[in-house]
Amino acid sequence: MRHGDIHYYGQPGAALTKIVLLASNQAVLDSERPWFMGLDLLEEGDGDLLTVPIPEHGWVNTAATHRLYRQWVGERIASTDPETMERVEEALRASLDL
């Protein structure tokens with residue numbers, strides 16, 4: 001798993017899955033921690049100042065982070081480009097006042 005990857009996410013065997021962007025630092029993703037941070041991919045922008053377009057995949061609202069369980073992260077769909085991840089990281093810093 002890499003920072004900026006897009007994956008399917010959901011409890012194995014469950015009917016519902018969603019698509020998420022992995023937002024945690026690469027050191028956290030490389031660790032054995034069972035939980036890390038991610039963002040849901042939205043089909044459409046919601047007009048929020050902190051929502052960032054993810055080309056060809058939708059949008060993420062950086063004010064709505066989620067704690068993701070490592071065992072429920074499924075197949076990798078794609079990776080975001082560095083410029084897009086920089087915009088996501090800037091919006092995350094703004095949403096958290098960092």
So, Glu43 versus His57: side-chain donor-acceptor pair below 3.5 Å or not?
-> no
Can you measure from CG (Leu21) to CD1 (Ile6) and round to the nearest 0.5 angstrom?
-> 6.0 Å
Compare every heavy atom of Met85 with every heavy atom of His3, then report the nearest pair and how far apart it is.
-> NE2-CE, 3.3 Å
Stepwise, does the side-chain contact (heavy atoms from CB on, under 4.5 Å) test hold for Val88 with Val60?
-> CA-CA 8 Å; Val88 170; Val60 291; 4.1 Å; yes
Write down the atom of His7, the atom of Leu22, and the distance for their closest heavy-atom approach.
-> CD2-CD1, 3.6 Å
Side chain of Thr65, backbone of Met37: donor and acceptor closer than 3.5 Å?
-> no
Stepwise side chain to side chain donor-acceptor pair (under 3.5 Å) test for His66 and Asp40 | CA-CA 8 Å; His66 295 285; Asp40 288 347; 3.1 Å; yes
Do Thr84 and Pro55 have side chains that get closer than 4.5 Å, going by heavy atoms?
-> yes
Is Val52 linked to Leu49 within one hydrophobic cluster, defined over Ile, Leu, Val, Met, Phe, Trp and Tyr using a side-chain heavy-atom separation of less than 4.5 Å?
-> no
Answer yes if Ile54 and Leu39 sit in the same cluster of Ile, Leu, Val, Met, Phe, Trp and Tyr residues linked by side chain heavy atoms under 4.5 Å apart, and no otherwise.
-> yes
Atom pair CD1/CG of Ile19 and Leu42 - distance to nearest 0.5 Å | 11.0 Å
Report whether Met1 and Leu92 are members of the same hydrophobic cluster (ILVMFWY, side-chain heavy atoms less than 4.5 Å apart, transitive linking).
-> no
In terms of hydrophobic clustering (I, L, V, M, F, W, Y; side-chain heavy atoms under 4.5 Å; direct or indirect links), are Val73 and Trp35 co-clustered?
-> yes
Quick one: do Leu29 and Phe36 satisfy side-chain contact (heavy atoms from CB on, under 4.5 Å)? Show the steps, please.
-> CA-CA 7 Å; Leu29 294 172; Phe36 51 84; 3.5 Å; yes
Validation row: Tyr9, Leu68 side chains within 4.5 angstrom (heavy atoms) = yes
Between Ser95 and Ala63, which heavy-atom pair has the shortest distance, and what is it?
-> CB-CA, 4.2 Å
Are Leu41 and Tyr8 in one and the same hydrophobic cluster, where Ile, Leu, Val, Met, Phe, Trp and Tyr link if side-chain heavy atoms are under 4.5 Å apart?
-> yes
